[in-house]
Amino acid sequence: MFSNRTALLIAILMFSASVGAIALRPEQKVADLAGISLETMIPKQFGDWREEPQNNLQVVNPQTQALLDKLYSQLLARVYINSQGYRVMLSLAYGSDQRGALQAHKPEVCYPAQGFTLHSNKASPVTTPFGEIPAQRLYTTLGPRQEPVTYWFTIGDTAVQGKLQKRLVDLRYGLTGQIPDGLLFRVSSIDENQTRANQMQDQFINQLLQAISPADRQRLSGLGDS
């Protein structure tokens, strides 16, 4: 009986070691298997929203251009306006390799780096017909500029919140020998009323997700069909 248990323990340890070795040596980038184009993925008009290309609102870009080029494969920044004249700023940052230094930077770090004051930062899921997105909501100010922010990260086709969830998704990809890509989705608006800003940003997100294909919605939010 002792020898059988010992043999089983050795087999488990050998299996764990082999799995760990695979996870530590991913070779195939997910981005090489399924390309992505933010410019074509995100429509310029959907629901009650349309792009306002000549707007003077500045979408916060917290890093230098050289660092942005190093961190991300694609960037997209647009300002949208609805029929009531309310504006939402959209910022997407996509990286084909989310390991180590290439992991997307969090807005709660980047906004203060640009001189903003961070007043609050809390987890607040965004409810959609396709499920909930594990998002974060920030309230930031820069002088008279009051800017509530909603954002989330996706790793591959999964929205993640926190280091543990990210590591679990990284492990899942690593077990298949793949290097996951990642995306930072961020919307914000200049609004002194945080409740209204959150509601308008949620409306914007919902109408955007309903306007794109299921495959694009999965990559953008981690949500499949309802």
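Predicted model only: the values in this text are computed from it and were never measured.
For Phe204 and Phe46, the distance between ring centers is under 6.0 angstrom.
The side chain to side chain donor-acceptor pair (under 3.5 Å) test with Gln201 singles out one residue from Thr150, Asn206, Asp191, and that residue is Thr150. If you run side chain to side chain donor-acceptor pair (under 3.5 Å) between Thr141 and each of Glu147, His119, Gln146, only His119 comes through.
Gln207 CD to Asn82 CG: the interatomic distance, rounded to the nearest 0.5 Å, is 8.5 Å. Leu220 CG to Ile42 CD1: the interatomic distance, rounded to the nearest 0.5 Å, is 4.5 Å. Here the CZ-CG distance, from Phe116 to Leu142, works out to 4.5 Å after rounding to the nearest 0.5 Å. A distance of 7.5 Å separates CG of Asp216 from CD1 of Ile36, quoted to the nearest 0.5 Å. Here Tyr94 contributes atom OH and Leu38 contributes atom CG; the two are 8.5 Å apart, rounded to the nearest 0.5 Å. Taking CD1 of Ile205 as the start and CD of Gln210 as the end, the distance is 12.0 Å to the nearest 0.5 Å.
Across every non-hydrogen atom of Asn121 and Gln136, the tightest pair is OD1-NE2, 2.8 Å. Nearest approach of Thr154 to Gly222, heavy atoms of both residues: CG2-N, 4.2 Å. Contact record, Gln74 with Ser37: OE1-CA, 3.5 Å, taken as the closest heavy-atom pair. Of all the heavy atoms in Tyr111 and Ser188, the pair that sits closest is OH-OG, 3.9 Å. Closest approach of Pro112 to Val109, counting heavy atoms only: CD-O, 3.5 Å. For Gln161 against Ala135, the heavy-atom pair with the smallest separation is NE2-O, 3.1 Å.
Scanning for ring pair (Phe, Tyr, Trp, His ring centres under 6.0 Å) contacts around Tyr86 gives an empty result, with sequence neighbours left out. Residues forming a side-chain hydrogen bond (donor to acceptor under 3.5 Å, both in side chains) with Ser83 (at least two apart in sequence, or on another chain): Asp48.
By the 4.5 Å heavy-atom criterion applied to side chains, Ser91 and Leu75 are not counted as neighbours. Side chains of Trp152 and Ser221 form a contact here, defined as non-hydrogen atoms less than 4.5 Å apart.
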Just do the side chain to side chain contact (heavy atoms under 4.5 Å, CB included) check on Val149 and Met89 with the steps written out, would you?
-> CA-CA 9 Å; Val149 180; Met89 293 172 285; over 6 Å; no
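In terms of hydrophobic clustering, with Ile, Leu, Val, Met, Phe, Trp and Tyr side chains grouped at heavy-atom distances under 4.5 Å, Ile81 and Ile190 are assigned to different clusters. Note: the hydrophobic cluster containing Leu208 also contains Leu76 (ILVMFWY, side chain heavy atoms under 4.5 Å, direct or indirect links).
Listed by first then second residue, pairs satisfying salt bridge (Lys or Arg N to Asp or Glu O under 4.0 Å) with a partner in residues 72-93 read Glu39-Arg78, Glu52-Arg87, not counting sequence neighbours.
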